[in-house]
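The structure appears below as structure tokens.
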Amino acid sequence: MTGSVPTTTTRREREIGRRRTFAIISHPDAGKTTLTEKLLLYGGALHLAGSVKARKAARHATSDWIEMEKERGISVTSSVLQFEYDDYRVNLLDTPGHADFSEDTYRTLVAADSAVMLLDNRKGVEERTRKLFKVCERRDIPIFTFVNKCDRVGTDPLELLDDVEQDLGMTCYPFTWPVLDGPEFLGVYERRAGLVHLFEKGEHHGQERVEETAFPLDGDAARDHLGPELVEKVREEAELLELAGAGWDQEAFERGELSPTFFGRALTNFGVEIFLEQFLRLAPPPRPRPSDRGPVAPSEEDFSGFVFKIQANMDPNHRDRVAFIRICSGSFEPGMEVTNARSGDRVRLSQPRKFMAREREAVDEAWPGDVVGVLDRGDLHIGDTLTEDGDLTFGGIPRFSPEHFARVRVPDPLRRKHLDKGLQQLSEEGAAQVFYEGSRVGPSPIVGAVGVLQFDVLVHRLDTEYDVDARLEAMPYSRARWVEGEEEAIRRVASGYGRKLVYDGKERPLLLFENDFSMRRTMEDAPELIFHEVAPGAPVE
């Protein structure tokens, strides 16, 4: 009936349909943090975008809030950025750009429904991008492509798209195409609308929305602004794309086989707004999540979600610990009680917050696709499934084997308890992995990391957050595998040269090796043992 109040089901469907939850993947220095800020600028979450070039000044990127990030000008931890745009609810899961913090990115991608692959127009697909693409591919995450830095002379656009297809096995469908007058990047041609968008450079250095002029390619305005020769060049390139390129297929995109592709320059905001509008239209809303009882649809009435990130000490004044929950079904209300499927305990989700990096705002309600941060007293772990009655478990979040190891020592033995507490909390939030040679109260603990910069962050945070002056002694191991089998056989194998047996926080044995040869030889000589690159019990989806 006209004017009637919408039913809960109707509202749930509407709220789910307007959610977009995604992450940006890229190689370092491709411009990921810059693109993140420009999306926030166009989403109305920022009035001025801070340039990453100005990190040494008083202002820093909104998504980077740990002091060390500000000092070094790099992103070292994931952050959650939420905003509204054109009636869409956007959850941008910002991930570390540096390869040394890959594991944090892997975990965050588990919470995303789609991803944006950012490429440097001079370099195309690089190693870090390739690894992150494989993570998305395993989870069938649809991928957008944004070719950045188009104001610099780079690889021919057609050649770059061909390289993506050859390298990743994914076809690109350009929604926009660069309008280039020699080396000068003037704007983009929006293929499906038949419009040319010319951008004005302005004097604000990308801190404000860019002014643009749009007009049909076939018309007097195009000839007046571009000249006949450039109009003909753009028209020929557009016709070539139609003849030689793939057609648009929404289903192929959602299967991860076809990537909507856009060209631009994030630093000057060129092409960002067109990308954002098309992304929100094309990106999938929250999708069903695999569980041990089958796919869980977002439309199901019962609440479910999982913890994909834990961050300690976001507020240094209160030494708090926040668990980030990706909601998968039902609806969230402040103070609701849920069951932790891992422990079977009932947990009250108190003081829920939504985030703009470090800034917080109270949450009155949330729906599938949203990310909510709740205060945690140590009851929640990364990968925990939370449901109303504990009747399902979502797929685990992988913990990858480290490649760098160091022994942790403290000059003052009276600080050992503080060290153990700090290592436990930082390990639970994924900042590093902690191992022991038998008992936790025995020799100094060993920390493992995917990249060496994780060690710098670990020492910095132990000092600033736990008042522990920690010293790291590098160890000669570069490979590790969790191992399953008879304890006697494990100890026998571990006694060989260039190996070391340690135990993780769940007392699972892990063998450290000095090199690939030692690891392969051990695995060949011990067929009775099972070796795992990813921690057992935390499978990759």
Side-chain angles (χ1 to χ4, degrees), residues 26-27 29-32 34-35 38 51-53 117-126 129 144-167 172-245 259-276 278:
S26 74
H27 196 79
D29 299 324
K32 183 180 66 63
T34 305
L35 178 60
K38 299 318 172 74
S51 167
V52 289
K53 299 293 185 182
M117 180 173 68
L118 184 65
L119 302 179
D120 185 317
N121 80 318
R122 295 185 301 182
K123 301 175 182 178
V125 179
E126 299 177 82
T129 313
F144 292 79
T145 299
F146 188 92
V147 181
N148 194 25
K149 304 184 180 181
C150 289
D151 60 332
R152 303 186 311 187
V153 176
T155 304
D156 177 80
L158 283 173
E159 183 181 338
L160 188 147
L161 298 189
D162 184 62
D163 288 345
V164 171
E165 184 169 0
Q166 296 298 321
D167 197 324
C172 292
Y173 179 92
F175 269 74
T176 64
W177 191 253
V179 176
L180 299 169
D181 186 7
E184 188 176 3
F185 178 45
L186 302 179
V188 296
Y189 172 60
E190 189 178 3
R191 290 176 63 196
R192 304 185 83 185
L195 293 176
V196 173
H197 298 259
L198 296 186
F199 304 113
E200 298 180 14
K201 295 183 179 180
E203 301 297 329
H204 49 73
H205 305 293
Q207 290 185 320
E208 300 175 359
R209 297 165 67 104
V210 67
E211 297 293 329
E212 67 172 72
T213 302
F215 44 80
L217 178 62
D218 296 318
D220 294 338
R223 287 188 292 273
D224 292 342
H225 284 87
L226 301 178
E229 292 185 4
L230 188 51
V231 167
E232 187 60 27
K233 175 176 177 291
V234 175
R235 182 180 292 113
E236 289 176 357
E237 291 173 341
E239 290 175 354
L240 181 61
L241 290 174
E242 294 297 331
L243 292 172
S259 178
T261 302
F262 301 81
F263 291 80
R265 173 56 160 159
L267 187 65
T268 55
N269 305 331
F270 286 14
V272 172
E273 188 171 26
I274 297 172
F275 162 70
L276 176 59
Q278 294 292 337

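Given the structure is predicted, the values throughout are model-derived calculations rather than measurements. Nothing fancy with the numbering, it's 1 onward along the sequence.
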Heavy-atom check, side chain of [X] versus side chain of [Y], under 4.5 Å:
X      : Y      : value
Val231 : Asp218 : no
Gln278 : Glu190 : yes
Pro260 : Thr145 : no
Val147 : Pro157 : no
Glu200 : Thr213 : yes
Arg223 : Asp220 : yes
Met117 : Phe146 : no
Leu240 : Leu158 : yes

Inter-residue atom distance [X].[atom1] - [Y].[atom2], 0.5 Å rounding:
X      : Y      : atom1 : atom2 : result
Thr34  : Lys32  : OG1   : NZ    : 9.5 Å
Asn148 : Phe263 : CG    : CZ    : 11.5 Å
Asp29  : Glu126 : CG    : CD    : 8.5 Å
His197 : Phe270 : NE2   : CZ    : 13.5 Å
Arg235 : Leu230 : CZ    : CG    : 11.0 Å
Leu35  : Leu267 : CG    : CG    : 11.5 Å

> Thr176 and Phe275: side chain to side chain contact (heavy atoms under 4.5 Å, CB included), yes or no, with the steps?
Replying inline: CA-CA 8 Å; Thr176 64; Phe275 162 70; over 6 Å; no

> Run the side chain to side chain contact (heavy atoms under 4.5 Å, CB included) check on Val125 and Asp163 step by step: do they pass?
Replying inline: CA-CA 8 Å; Val125 179; Asp163 288 345; over 6 Å; no

> Centre of Tyr173's six-membered ring, under 6.0 Å away, within 45 degrees of the axis: is that where NZ or CZ of Arg191 sits?
Replying inline: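 Yes, Arg191 lies over the aromatic ring of Tyr173.
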
> Run the salt bridge (Lys or Arg N to Asp or Glu O under 4.0 Å) check on Glu237 and Lys233 step by step: do they pass?
Replying inline: CA-CA 6 Å; Glu237 291 173 341; Lys233 175 176 177 291; 3.1 Å; yes

Exam field: side chain [X] to backbone [Y], donor-acceptor pair closer than 3.5 Å:
X      : Y      : result
Asp120 : Ala30  : no
Asp151 : Glu184 : no
Thr261 : Ser259 : yes

> Yes or no on side chain to side chain contact (heavy atoms under 4.5 Å, CB included) for Val234 and Leu180, after CA distance, side-chain angles and deciding distance?
Replying inline: CA-CA 9 Å; Val234 175; Leu180 299 169; over 6 Å; no

>> Tell me whether the rings of Phe262 and Phe175 are parallel (<30°), tilted (30 to 60°) or perpendicular (>60°).
In response: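 Judged by the thresholds at 30° and 60°, the geometry between Phe262 and Phe175 is parallel.
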
Closest heavy-atom contact between [X] and [Y]?
X      : Y      : value
Tyr189 : Val179 : N-CG2, 3.7 Å
Gly124 : Leu119 : O-CD2, 3.6 Å
Ala222 : Leu217 : CB-O, 3.2 Å
Leu118 : Gly31  : CD2-C, 3.3 Å
Leu198 : His225 : CD1-CB, 3.8 Å
Asn121 : Arg152 : ND2-O, 3.0 Å

>> Applying side-chain hydrogen bond (donor to acceptor under 3.5 Å, both in side chains) to Asn269 and Lys38, what does each step give before you reach the verdict?
In response: CA-CA 7 Å; Asn269 305 331; Lys38 299 318 172 74; 3.0 Å; yes

> Are Thr129 and Ser26 close enough, and set up right, to give a side-chain hydrogen bond (donor to acceptor under 3.5 Å, both in side chains), and what steps lead you there?
Replying inline: CA-CA 5 Å; Thr129 313; Ser26 74; 5.9 Å; no

